[in-house]
K.L.:
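Take this structure, written in structure tokens, and hold onto it; I'll ask about it next.
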Amino acid sequence: MLGVMVEALIQATGVRVSYGQHEAVRGIDLTVYDGEIVAVLGTNGAGKTTLLECLEGLRAPTSGDIRLLGHDPFVHRAETRPAMGIMLQEGGFAGDLTVRETAQLWRAVNTGAGDVDAALEEMGLDHRAAVPVKQLSGGERRRLDVVLAALKRPRILFLDEPTTGLDPESRADAWAVIGSLRAAGATIVLTTHYLEEAERLADRIVILHEGVIAAAGTVAEVVARERASIRFRCPTSAILPPLRGEVRRAAVSPNQSVVEESPAGEDTVVVRTDAPQQDLLSVLLWAEEHGIDLADLRATPATLEDIFAAVVSSARSRAEAEAEAEAS
Ligand code: ATP
């Protein structure tokens with residue numbers, strides 16, 4: 001990539017948004033480059049939608065600066081709106097209009113919009129073209145939202161939870177469509193609740209928690225910061241102490257590998273580890289030595305839940321440390 005300059009299409013600096021006393025976005029810096037897909041993930045109420053609305057120019061930040069193609073998207077709509085595709089949320093259209101009529105209406109108000117029937121076919125909605133929007137299932141409605149946002153082949157596409165409520169097959173279709181939009185040159189910012197979706201689509205992810213960016217990078221980078229886990233079921237926890245010793249020896253750094261037992265009543269053991277290969281070997285040797293049958297043995301990288309749990313717990317420790325420092 002030596003010597004290749006990639007243009008920054010969106011640049012947000014120090015963005016803050018308050019709703020009355022509540023500060024929902026608390027100082028976000030974000031740059032989105034030409035041709036990339038950035039996925040915004042977050043805990044509940046983290047500020048994803050608020051941030052997206054600011055980037056789309058639907059809401060002015062309380063303070064900070066946003067540039068989209070060099071312009072403030074809230075103030076300079078004429079310069080920014082034609083380049084943007086925004087995924088509409090529920091309630092944007094009359095339910096009595098059919099799917100095709102809705103897409104045609106949307107096409108009429110969006111200069112440069114493409115062929116309606118081809119777009120419906122691409123998202124597997126062609127057989128529903130004559131059905132009133134109000135009769136669509138949640139998943140079909142979601143797919144129509146993606147069709148409408150992408151109809152004019154915008155340079156920058158904002159998708160708010162594009163696959164929430166879709167079944168696995170429709171989700172795969174949506175991923176294919178999003179991938180082909182990017183291949184055609186679109187830059188995409190999406191929010192999602194699924195790490196798998198971010199993994200499939202996004203070049204970079206940004207994880208929000210309480211209005212700030214708690215983690216950012218490629219999915220692999222963010223996942224690698226948290227410990228992997230080895231899970232299995234075994235009949236009794238009484239035999240675990242030797243395993244604890246083995247795992248501690250394999251740990252890359254002290255206290256990084258721990259053996260956790262699931263709550264009473266279940267017999268699942270979880271080894272959280274920064275050295276999965278060594279610890280898996282420890283587990284297997286330990287089981288062999290003690291004649292233990294490991295049921296449902298799995299070794300997996302950190303899940304989104306693990307990442308969120310780490311984000312929440314480090315934010316909590318930081319807040320406690322700050323409160324303590326203030327009190328003393
Ligand atoms: P979720 O994933 O749960 O949809 P989110 O990350 O999209 O959440 P936002 O919808 O941006 O988060 O909301 C951030 C915070 O601001 C939340 O605490 C929410 O309750 C609050 N909030 C959002 N919109 C308003 C509003 N119009 N007035 C007051 N508070 C609001």
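Whatever order the structure lists ligands and atoms in, that order sets their numbers, starting from 1.
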K.L.:
Around atom 26 (C) of ligand 1, find the nearest protein heavy atom and jot down its residue, atom name and distance.
P.N.:
Tyr19 CD2, 3.4 Å

K.L.:
Is there a protein heavy atom at a distance of less than 4.0 Å from atom 15 (C) of ligand 1?
P.N.:
yes

K.L.:
Answer yes or no for Arg171 and Tyr194: cation-pi contact, defined as NZ/CZ to six-membered ring centre under 6.0 Å and angle to ring axis within 45°.
P.N.:
yes

K.L.:
Provide, to 0.1 Å, the distance between atom 4 (O) of ligand 1 and the closest protein heavy atom, together with that atom's residue and name.
P.N.:
Thr49 OG1, 4.4 Å

K.L.:
Is it the case that over 12 heavy atoms from other parts of the model lie below 6.0 angstrom from the OH atom of Tyr33?
P.N.:
no

K.L.:
In terms of residue, atom name and distance, what is the protein heavy atom nearest to atom 1 (P) of ligand 1?
P.N.:
Gly45 N, 3.7 Å

K.L.:
Examine the side chains of Asp306 and Thr303 and answer whether a donor and an acceptor come within less than 3.5 Å of each other.
P.N.:
yes

K.L.:
Scan the protein's non-hydrogen atoms and note whether one is under 4.0 Å from atom 20 (O) of ligand 1.
P.N.:
no

K.L.:
Considering non-hydrogen atoms of the protein only, which is the closest contact for atom 2 (O) of ligand 1, and what is the distance?
P.N.:
Lys48 NZ, 2.7 Å

K.L.:
Using a 3.5 Å cut-off on N or O atoms only, is Glu161 in polar contact with ligand 1?
P.N.:
no

K.L.:
So, do Asp96 and Pro132 sit near enough that their side-chain heavy atoms are less than 4.5 Å apart?
P.N.:
no

K.L.:
Among the heavy atoms of His193, does any lie under 4.0 Å from an atom of ligand 1?
P.N.:
yes

K.L.:
Under 3.5 Å, is there a donor on one side chain and an acceptor on the other for Thr192 and Glu161?
P.N.:
no

K.L.:
Would you say the side-chain atoms of Asp29 and Thr13 include a donor-acceptor pair closer than 3.5 Å?
P.N.:
no

K.L.:
Where does the angle between the aromatic ring planes of His76 and His71 fall among parallel (under 30°), tilted (30 to 60°) and perpendicular (over 60°)?
P.N.:
perpendicular

K.L.:
Below 3.5 Å, N or O to N or O, backbone or side chain included: is there any such pair between Arg59 and ligand 1?
P.N.:
no

K.L.:
Supply the atom-to-atom distance Ile10 CD1 to Thr31 OG1, rounded to the nearest 0.5 angstrom.
P.N.:
9.5 Å

K.L.:
Answer with yes or no whether Gly47 contacts ligand 1, where contact means a heavy atom under 4.0 Å from a ligand atom.
P.N.:
yes

K.L.:
Please identify which atoms of ligand 1 are closer than 4.0 Å to at least one heavy atom of Ala46.
P.N.:
5 (P), 6 (O), 12 (O)

K.L.:
Closer than 4.0 Å to some heavy atom of Thr50 - which atoms of ligand 1 meet that?
P.N.:
9 (P), 11 (O), 13 (O)

K.L.:
Atoms of ligand 1 less than 4.0 Å from Ala24 heavy atoms?
P.N.:
14 (C), 15 (C), 16 (O)

K.L.:
Would you say CD of Gln277 has more than 12 non-hydrogen atoms from neighbouring residues, nucleotides or ligands within 6.0 angstrom?
P.N.:
no

K.L.:
Quick test: of every protein heavy atom, which one is nearest to atom 18 (O) of ligand 1, and how far off is it to 0.1 Å?
P.N.:
His22 NE2, 3.3 Å

